[in-house]
Amino acid sequence: RASKAVVYALKQIGASVQLVSRERGPKILSDKDIDQSLIQSVDLIINTTPLGMFPQMDNYPDIPYHFLTRHQHLYDLIYNPKSSKFLNFGKKRDCPTMNGQLMLEIQAEEAWKIWNEHLVKQNLNAQQVKEANKINFSNTEIAFKNKSDQELKKAYQLFKMMNKSW
C-alpha cells in the first residue's frame, strides 16, 4: 500500500506521523476524530488513497477542510487529475499543494536505471541494450490484441530477459 511507503519515508527523515482512515484502528484515527487543533498542529497532510483519481474525480478524503490554514501543506499521490478536489480545497484555504506527478517521474527514472543496470548485468552489448529499450509497450499491448508476430517476438524477448535472475 502507498500509505506504508509514505510512512516509511517520513520516518526515515525523522518526521512524526499520524495515520487517519475512514475507520479507527490501533494507532489510527478515524477521519471523524480530526478537529481544528489536530489539523492546525500538522505541517503536512498527505492523501495516499485513490479518492479523487480519474474517473471518480468527485471523491475526496472526508476531513474538515475549513480548519486548514496556509501553514498546512497538502500532498496528493494522485496525478490524474492534476488538481484533485483534495488539493483544490487546500488551494481555497491558501495551502501550498502538490500532486504526485513528480513522484511518478522519479519512480520512472529509478525504474529506468534498474532496467538498464539489469541489461548490463546480462552482458548484453550496446546494440542489444539499445534494441531492448526500443520496445514500445503500447505496441506490445496492441500486439497481444492483434497477435502481430513481430511485436509478440519482441515482447517475448523482453519478458524472457526480465525473468532472468537479477
Side-chain angles (χ1 to χ4, degrees), residues 1-122 132-133 135 137-138 140-141 144 155 158-166:
R1 293 186 52 187
S3 62
K4 289 182 181 182
V6 169
V7 168
Y8 177 82
L10 289 172
K11 287 186 176 182
Q12 290 297 303
I13 61 170
S16 157
V17 176
Q18 175 58 65
L19 294 174
V20 177
S21 184
R22 288 181 293 250
E23 296 178 18
R24 187 180 293 132
K27 298 183 182 180
I28 300 174
L29 297 177
S30 161
D31 52 14
K32 305 299 179 224
D33 296 325
I34 301 174
D35 59 13
Q36 183 174 4
S37 65
L38 180 60
I39 287 269
Q40 294 179 353
S41 71
V42 299
D43 300 317
L44 177 63
I45 301 171
I46 304 173
N47 177 27
T48 63
T49 74
L51 290 173
M53 187 167 61
F54 179 83
Q56 298 172 336
M57 299 179 302
D58 289 332
N59 297 332
Y60 52 90
D62 187 19
I63 64 171
Y65 294 94
H66 58 280
F67 293 138
L68 293 172
T69 69
R70 68 181 194 282
H71 302 290
Q72 284 77 46
H73 295 72
L74 273 64
Y75 185 84
D76 200 337
L77 297 187
I78 294 169
Y79 52 87
N80 185 11
K82 288 183 179 182
S83 190
S84 63
K85 283 203 171 197
F86 170 76
L87 294 180
N88 289 337
F89 288 140
K91 288 176 186 175
K92 288 179 184 173
R93 306 291 298 171
D94 294 325
C95 298
T97 63
M98 179 180 270
N99 71 16
Q101 182 68 38
L102 180 60
M103 180 188 68
L104 175 70
E105 291 170 7
I106 291 169
Q107 287 175 339
E109 287 173 12
E110 291 303 312
W112 182 256
K113 288 177 193 173
I114 291 168
W115 168 247
N116 282 293
E117 286 174 13
H118 170 67
L119 293 177
V120 169
K121 285 180 185 176
Q122 297 300 318
N133 285 325
I135 294 174
F137 285 97
S138 62
T140 304
E141 184 179 325
F144 281 106
L158 172 67
F159 295 132
K160 194 167 136 185
M161 286 189 299
M162 289 171 63
N163 287 323
K164 288 186 180 178
S165 62
W166 292 52

J.: Which distance, rounded to the nearest 0.5 Å, do you find between the CG of Asn80 and the CE of Met57?
T.: 7.5 Å

J.: With a 4.5 Å limit on heavy-atom distance, are the side chains of Arg22 and Leu51 in contact?
T.: yes

J.: Please determine whether the number of non-hydrogen atoms from other residues, nucleotides or ligands lying under 6.0 Å from atom OH of Tyr75 exceeds 12.
T.: yes

J.: Determine whether Leu68 and Ile45 make a side-chain contact, defined as any pair of heavy atoms from C-beta on separated by less than 4.5 Å.
T.: yes

J.: State, to 0.1 Å, how close Gly52 and Pro81 come at their nearest heavy-atom pair, and which atoms those are.
T.: O-CD, 3.3 Å

J.: Can you confirm whether Gln12 is buried at CD, in the sense that more than 12 heavy atoms of other residues, nucleotides or ligands lie under 6.0 Å from that atom?
T.: yes

J.: To the nearest 0.5 Å, what is the distance between OH on Tyr60 and CG on Asn47?
T.: 12.5 Å

J.: Hey, are the side chains of Leu102 and Glu105 touching, using non-hydrogen atoms and a 4.5 Å cut-off?
T.: yes

J.: Roughly how far, to the nearest 0.5 Å, is the CG atom of Asp35 from the CZ atom of Phe67?
T.: 7.0 Å

J.: Given Asn99, which of Leu104, Leu87, Ile78, Leu74 fulfils the side chain to side chain contact (heavy atoms under 4.5 Å, CB included) condition?
T.: Leu87

J.: How about Met103: does its CE atom have over 12 heavy atoms from other parts shown lying under 6.0 Å from it?
T.: yes

J.: Identify the heavy atoms of Ile63 and Ile34 that sit nearest to each other, and give their distance.
T.: CG2-CD1, 3.5 Å

J.: Report the C-alpha separation of Asn59 and Thr49 in whole Å, then their side-chain angles, then the decisive distance to 0.1 Å, and conclude whether the side chain to side chain contact (heavy atoms under 4.5 Å, CB included) test is met.
T.: CA-CA 10 Å; Asn59 297 332; Thr49 74; over 6 Å; no

J.: Say you draw a straight line from OG of Ser21 to CG of Asp33; how long is it, rounded to the nearest 0.5 Å?
T.: 11.0 Å

J.: To the closest 0.5 Å, what do you measure between NZ (Lys92) and NZ (Lys85)?
T.: 7.5 Å

J.: Output all residues satisfying salt bridge (charged side-chain N to carboxylate O under 4.0 Å, His left out) with Asp94, sequence neighbours left out; order by chain, then residue number.
T.: none

J.: Could you check whether any side-chain N or O of His73 sits under 3.5 Å from a backbone N or O of Asp43, counting only pairs where one atom can act as donor and the other as acceptor?
T.: yes

J.: Which salt bridge (Lys or Arg N to Asp or Glu O under 4.0 Å) pairs, counting each pair once, include a residue from residues 60-79, with sequence neighbours left out?
T.: Lys32-Asp62

J.: If we ignore hydrogens and angles and just use 3.5 Å, is the side chain of Gln72 paired with the main-chain N or O of Cys95 as donor and acceptor?
T.: no

J.: When you look at NZ of Lys11, are more than 12 heavy atoms from neighbouring residues, nucleotides or ligands closer to it than 6.0 Å?
T.: no

J.: How long is the gap from NZ on Lys27 to CG on Leu19, to the nearest 0.5 Å?
T.: 10.0 Å

J.: Verify the neighbour count for atom CZ of Phe89: are there more than 12 heavy atoms of other residues, nucleotides or ligands below 6.0 Å?
T.: yes

